[in-house]
Amino acid sequence: MKKPASEFCAAAIRKVIRQIPRGKVATYGQVAAAAGYPLYHRQVVQVLRKAGESLPWQRVLGAGGEIRFKHEMAQEQRVRLEMEGVRFRGGRVDMTGHQHVFRTWEL
DNA sequence: ATCCTGACCCAAG
DNA sequence: GCTTGGGCCAGGA
């Protein structure tokens, strides 16, 4: 995988995100890796921005289970997650037990 | 082509 | 715990 057509990898990323079940979360890096592009965490952001409400964006967090949003959106995300049963410890998500484990990503 | 931006990541100090 | 600097990638001006 060298120069993946952006549409192609974007599709892979969307697919991965849709697999995250309610009550679980994943980091940008994990999503990118699970999609087959370990270094595309920044593209995950692009995809989520464009996808908007058509994807469970609240389940994607920064490294360490931290919300990378600012101000109101950060609150929105936290509320949504707590509503799904995700527990917070301090300013970050308690990853222990909430981190989604992707099954052997497609070969 | 260059410069800047974005919900980033991580090793160092 | 914090900040800094370097590395990553695509898209838009």
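To find a chain, count down the sequence lines: A is the first, B the second, and so on, and within it residues start at 1. Basis for what follows: all heavy atoms, side chains included, without hydrogens, waters or symmetry-related copies. Here the structure is a predicted model, which means the values were calculated and not measured.
Taking atom CD1 of A:Ile13 as the reference point, atom P of C:dG11 lies 11 Å away to the nearest angstrom. In this structure, OH of A:Tyr40 is placed 13 Å from C1' of C:dG11, rounded to the nearest angstrom. In this entry the distance linking OH of A:Tyr28 with P of B:dC10 reads 13 Å, nearest Å. Between A:Trp57 atom CH2 and B:dG6 atom P there is a gap of 18 Å when expressed in whole angstrom units. Here C:dG7 presents its P atom at 13 Å from NE2 of A:His41, a figure rounded to the nearest Å. One atom, CD of A:Gln46, and another, C1' of C:dA10, lie 6 Å apart when rounded to the nearest Å. A:Glu7 places its CD atom 12 Å from the C1' atom of C:dA10, with the value rounded to the nearest Å.
Contacts between residues 64-100 of chain A and DNA chain B, defined by a heavy-atom separation below 4.0 Å, involve A:Arg68, A:Phe69, A:Lys70, listed by number.
Taking the six-membered ring for Trp and thresholds of 30 and 60 degrees, A:Phe102 and A:His100 have ring planes more than 60 degrees apart, a perpendicular arrangement.
Annotation: side chain of A:Val31 is not in contact with side chain of A:Val47 (no heavy-atom distance under 4.5 Å).
Expressed to the nearest 0.5 Å, how far CD1 of A:Ile13 lies from NZ of A:Lys15 amounts to 13.0 Å.
Residue-level contact check: A:Leu39 touches the backbone only, with heavy atoms under 4.0 Å from sugar-phosphate atoms and none from bases.
Side-chain N/O atoms of A:Ser6 include one lying less than 4.0 angstrom from OP1 or OP2 on C:dG11.
Crowding of A:Arg18 atom CZ: a count of heavy atoms from other residues, nucleotides or ligands under 6.0 Å exceeding 12. The number of heavy atoms from other shown groups lying within 6.0 Å of CZ (A:Phe8) does not exceed 12.
A salt bridge between A:Glu84 and A:Arg80 is absent, with no side-chain N of the basic residue lying under 4.0 Å from a carboxylate O of the acidic one.
With distances taken from any side-chain atom of A:Gln43 to the nucleotides B:dC10, C:dC8, C:dA10, the minimum falls on C:dA10.
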